[in-house]
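Inspection log for the structure reproduced underneath, given as structure tokens.
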Amino acid sequence: MPVFRPGLLAMTSKRIFVIYTGGTLGMQPTPRGYQPLAGWLEQQLRQLPELQQPEMPEFVLHEYAPLLDSSDMQPQHWQTIAADIHAHYDDYDGFVVLHGTDTMAYSAAAVQCLLPGLGKPVLFTGAQIPLAEAGSDAPANIRNALYAAAHSGIAQVGIVFHRQLLPAEYATKVDAQGLAAFAAPNAKPLLEWTDKYLKLSELVHVKNGDKPELKSIVAQKVAVLTLHPGMDFELIAQWLAQPWDAVILQTFGSGNAPQHPTLLSALKDASARGVRIINRSQCARGDVRTTYGGAYALADCGVVAAGDQTLEMLLARLMTNGFLV
Ligand code: ASN
């Protein structure tokens, strides 16, 4: 396993393009909760001691207007991020996207789908505590993201958070307030920062610099339906009759649903009309399998098993016309 000793690296001439979309990282307290503040972050980052070390790369900060809480991010924002990376691709060694944590895993998954054939690192990071407040996790997260974008050799989209670099394909937000906000229950971290070392897992795609393709978002009417005991299947059947392009069913355990005739016939009708219906487990770890009758019943209705894909990645694939399974 390759190991980097940050302290021993010589001065670097690496250049990183940083896209700042908003999020808690750069927010200020106001009477109506935390809000982003335009034009504030760059000066703060230029003074941050963590970023002044010789092994840290140079960076250019591209601030979006308006800065957003990530709950306001939409597919068109994913497209803008991917297009900006694509437009600046040849001029930088890697890319860091500063983003709110709430929908970071969705944006990271989407950017991965929008830039197939990526040959350089694209690392999303943010914070749970604003940089403006004591005890903020922003300095360490930004430092680790910039460092990994310059030195790790990773050629994929990842999320750097709380001493880990997780693959965008498997990352999800698991903690609303805690600093270890992200996990990849079905994958290993690509990198982990220990006290002395940066450990690189063997799973990384190695950097080759190749310019990716830039795909476009395809407008889709997608809905997510989480199954639960006590559902009203008559109402669900009416809902499934709406003109969806795709429905992600969050099923029980290893992909099971109640074998209720009203539900099953509504699913069968919808899939016969061309609605793509996907079976994804509502469990965080594990995958969808035809182990039980409930999963076979869904497959008989034309419902497609999602394997171990995250909700974020499934949505991203649906919205970019990528392969689902
Ligand atoms: N609401 C914030 C956001 O997603 C949460 C955060 O960044 N920690 O923009």
Side-chain angles (χ1 to χ4, degrees), residues 18-42 44-45 48 50-51 59 61-82 84-85 95-112 114 122-146 148-149 157-168 170-185 189 193 224 284 310-313 315-316 319:
V18 180
I19 295 174
Y20 172 34
T21 67
T24 296
L25 180 135
M27 287 189 185
Q28 311 286 319
T30 78
R32 287 187 54 78
Y34 289 131
Q35 304 285 349
L37 181 63
W40 177 81
L41 187 68
E42 174 146 24
Q44 304 300 313
L45 294 186
L48 209 59
E50 283 81 354
L51 308 188
F59 65 89
L61 186 90
H62 178 51
E63 179 173 314
Y64 283 179
L67 292 168
L68 293 179
D69 184 295
S70 73
S71 338
D72 286 316
M73 301 284 282
Q74 292 293 330
Q76 82 255 20
H77 300 111
W78 307 340
Q79 188 76 59
T80 304
I81 297 169
D84 280 338
I85 292 168
F95 300 84
V96 167
V97 182
L98 304 178
H99 195 291
T101 57
D102 289 347
T103 67
M104 186 186 291
Y106 292 88
S107 297
V111 168
Q112 169 149 321
L114 290 168
V122 172
L123 304 180
F124 282 66
T125 195
Q128 292 283 67
I129 302 172
L131 181 59
E133 294 201 342
S136 172
D137 50 337
N141 286 345
I142 296 176
R143 183 205 174 278
N144 290 347
L146 278 170
V157 182
I159 290 184
V160 173
F161 222 88
H162 196 63
R163 304 169 75 85
Q164 289 194 324
L165 195 173
L166 303 171
Y170 286 106
T172 190
K173 186 171 180 182
V174 291
D175 198 324
Q177 286 87 29
L179 301 188
F182 289 88
W193 281 260
V224 182
T310 59
L311 176 62
E312 293 88 337
M313 202 56 188
L315 275 166
M319 304 250 189

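Atoms within a ligand are numbered from 1 in the order they appear, just like the ligands themselves. No experiment lies behind these values; they were computed from the predicted model shown.
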Nearest non-hydrogen protein atom to atom 6 (C) of ligand 1, with distance, is Thr24 OG1, 2.7 Å

For ligand 1, which atoms sit closer than 4.0 Å to a heavy atom of Gly100? 3 (C), 4 (O), 7 (O), 9 (O)

Can you check whether Met313's main-chain N or O pairs, donor with acceptor, with Thr310's side chain at less than 3.5 Å? yes

Does Ala127 reach ligand 1, in the sense of a heavy atom lying below 4.0 Å from it? yes

Are more than 12 heavy atoms, taken from residues, nucleotides or ligands other than Gln177, located less than 6.0 Å from that residue's CD atom? no

Within the distance-only criterion (no hydrogens, no angle test), does the side chain of Thr21 pair as donor or acceptor with the backbone N or O of Leu98 below 3.5 angstrom? yes

Determine whether a donor-acceptor pair (N or O, by modelled atom type, separation under 3.5 Å) exists between the side chain of Asn141 and the backbone of His162. yes

Distance col, row Gln76:CD vs Ile81:CD1, nearest 0.5 angstrom, shows 11.0 Å

Could you check which of Leu98, Thr101, Asp69 puts a non-hydrogen atom nearest to atom 8 (N) of ligand 1? Thr101

Please indicate whether any nitrogen or oxygen in Asp102 is less than 3.5 Å from any nitrogen or oxygen in ligand 1. yes

Could you tell me the separation between the CG atom of Leu25 and the OH atom of Tyr20, rounded to the nearest 0.5 Å? 6.5 Å

Which ligand 1 atoms are under 4.0 Å away from a heavy-atom of Gln128? 8 (N)

N or O contact, Ser70 vs ligand 1, cut-off under 3.5 Å: yes

